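Encoded as structure tokens, the structure appears first; notes follow it.
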Number of protein chains: 2
Amino acid sequence: MTDEQLAGIAKALAHPARVRIVRLLAAQSECRGHDVFAGLPLAQSTISQHLRVLKSAGVISAHAVGTSMVYCLSKPVLEEFLNALGGIASDAAICDPGQGDDR
Amino acid sequence: MTDEQLAGIAKALAHPARVRIVRLLAAQSECRGHDVFAGLPLAQSTISQHLRVLKSAGVISAHAVGTSMVYCLSKPVLEEFLNALGGIASDAAICDPGQGDDR
DNA sequence: ATCGTCAATCGTAGATGAACGATACACAGG
DNA sequence: CCTGTGTATCGTTCATCTACGATTGACGAT
């Protein structure tokens with residue numbers, strides 16, 4: 001996963017409202033648009049924008065059911081992100097500030 | 001971990017240059033400032049700003065050694081972030097778009 | 001004391017983001 | 001046909017981000 005892709009997913013998650021949306025979608029198997037709009041203290045248009053950001057990043061998907069929308073968390077995308085970042089983190093050595101007196 | 005905290009870490013990672021920095025720090029046990037400045041095609045002041053963002057979010061730490069700086073990845077912070085997000089992801093049910101014909 | 005190095009900060013310009021109300025559009029029901 | 005519901009999009013305003021050059025400050029070396 002490139003830096004750009006990684007940063008792209010991170011950017012999609014870089015707002016509390018969007019994290020909240022992700023949580024909502026993870027908690028409910030039925031993830032209707034109405035529930036999302038009701039679950040946040042924001043204007044409908046603002047939430048719709050946040051949904052668009054998440055969808056563009058591939059973090060969620062959307063499909064119409066009857067007259068309304070159903071949003072779903074894209075588990076694979078989230079897991080790829082976590083794996084990529086986890087791979088970086090596990091490479092990291094412990095940094096020991098104590099050895100500063102190298103004179 | 002609150003939505004704000006989660007979004008805060010994500011925001012710190014929401015730029016390719018900062019992802020690159022994180023990778024650099026993970027790859028080297030010696031993470032000197034000079035190496036970071038040399039590792040990115042950006043002005044020194046810009047990179048310093050990115051380092052500040054990462055440091056504010058707690059993703060990295062910095063300490064002086066002699067006349068220069070040493071930056072370190074904060075593994076615990078990164079891992080807490082990954083765990084929080086992983087917890088959300090593992091809660092998620094598979095969303096099945098096929099059952100849309102619920103009329 | 002002067003110089004060069006390393007890093008942080010300042011000031012600025014342009015791009016992007018966040019929030020809202022208003023509007024548009026598709027569709028279901030009366 | 002008219003109306004209400006559920007979403008998306010538009011246009012705007014204000015805030016934040018990104019990048020840069022210039023400057024500053026600390027330190028070591030000459």
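Below, chain A is the first sequence line, B the second, and so on; all start at residue 1. The shown structure was predicted, so the numbers you read here are calculated from the model rather than taken from an experiment.
- The backbone N or O of B:Cys31 lies less than 3.5 Å from no partner atom in the side chain of B:Asp35, so there is not a single donor-acceptor pair.
- Across all their heavy atoms, B:Lys11 and B:Arg18 have their closest contact at O-NH2, 3.2 Å.
- In terms of phosphate contacts, A:Lys11 brings a side-chain nitrogen or oxygen within less than 4.0 Å of OP1 or OP2 of C:dG17.
- One atom, CG of A:Leu40, and another, C1' of C:dA18, lie 14 Å apart when rounded to the nearest Å.
- Residue A:Tyr71 places none of its side-chain N or O atoms closer than 4.0 Å to OP1 or OP2 of D:dG6.
- Note on A:Arg18: a side-chain N or O is less than 4.0 Å away from OP1 or OP2 of C:dA18.
- The closest donor-acceptor contact from the side chain of B:Ser90 to the backbone of B:Gly86 lies under 3.5 Å.
- Protein atom CD1 of B:Ile60 is 13 Å distant from nucleotide atom C1' of C:dA7, rounded to whole Å.
- Using modelled atom types, no side-chain atom of B:Ser48 and backbone atom of B:Gln44 make a donor-acceptor pair closer than 3.5 Å.
- Here A:Lys55 lies out of heavy-atom contact (under 4.0 Å) with every strand.
- Nearer the 5' end of DNA chain D, as judged by each residue's closest nucleotide, is the contact made by A:Met69, out of B:Ala14 and A:Met69.
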- Task: If a protein heavy atom is under 4.0 Å from the base, mark B; if only from the sugar-phosphate, S; if neither, -; do that for nucleotides 20-30 of chain C going 5' to 3'.
- Result: BBB--------

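- Protein atom CG of B:Leu51 is 15 Å distant from nucleotide atom P of C:dC6, rounded to whole Å.
- Atoms NE2 (B:His50) and C1' (D:dC17) sit 9 Å apart, rounded to a whole Å.
- Within the 4.0 Å cut-off from OP1 or OP2 of D:dT7, not a single side-chain nitrogen or oxygen of A:His34 is found.
- Proximity note for B:His15 (side chain, C-beta onward) versus C:dA8, D:dA19, D:dA8: the nearest is D:dA19.
- Separating the CG atom of B:Leu54 from the C1' atom of D:dT18 is a distance of 14 Å, rounded to the nearest angstrom.
- Closest approach to the B:Ser68 side chain among C:dC6, D:dT7, C:dA8 is made by C:dC6 (side chain taken as heavy atoms from C-beta onward).
- Here the options are B:Ile9, B:Thr2, B:Asp3, the test is side chain to side chain contact (heavy atoms under 4.5 Å, CB included), and the partner is B:Gln5; only B:Thr2 passes.
- As rounded to whole Å, 10 Å separates atom P of D:dG6 from atom CZ of A:Phe37.
- Between B:Leu13 atom CG and D:dT18 atom P there is a gap of 12 Å when expressed in whole angstrom units.
- Distance check: A:Leu82 CG to B:Phe81 CZ gives 7.5 Å after rounding to the nearest 0.5 Å.
- Judged by distance alone, the side chain of A:Glu80 and the main-chain N or O of A:Val77 form no donor-acceptor pair under 3.5 Å.
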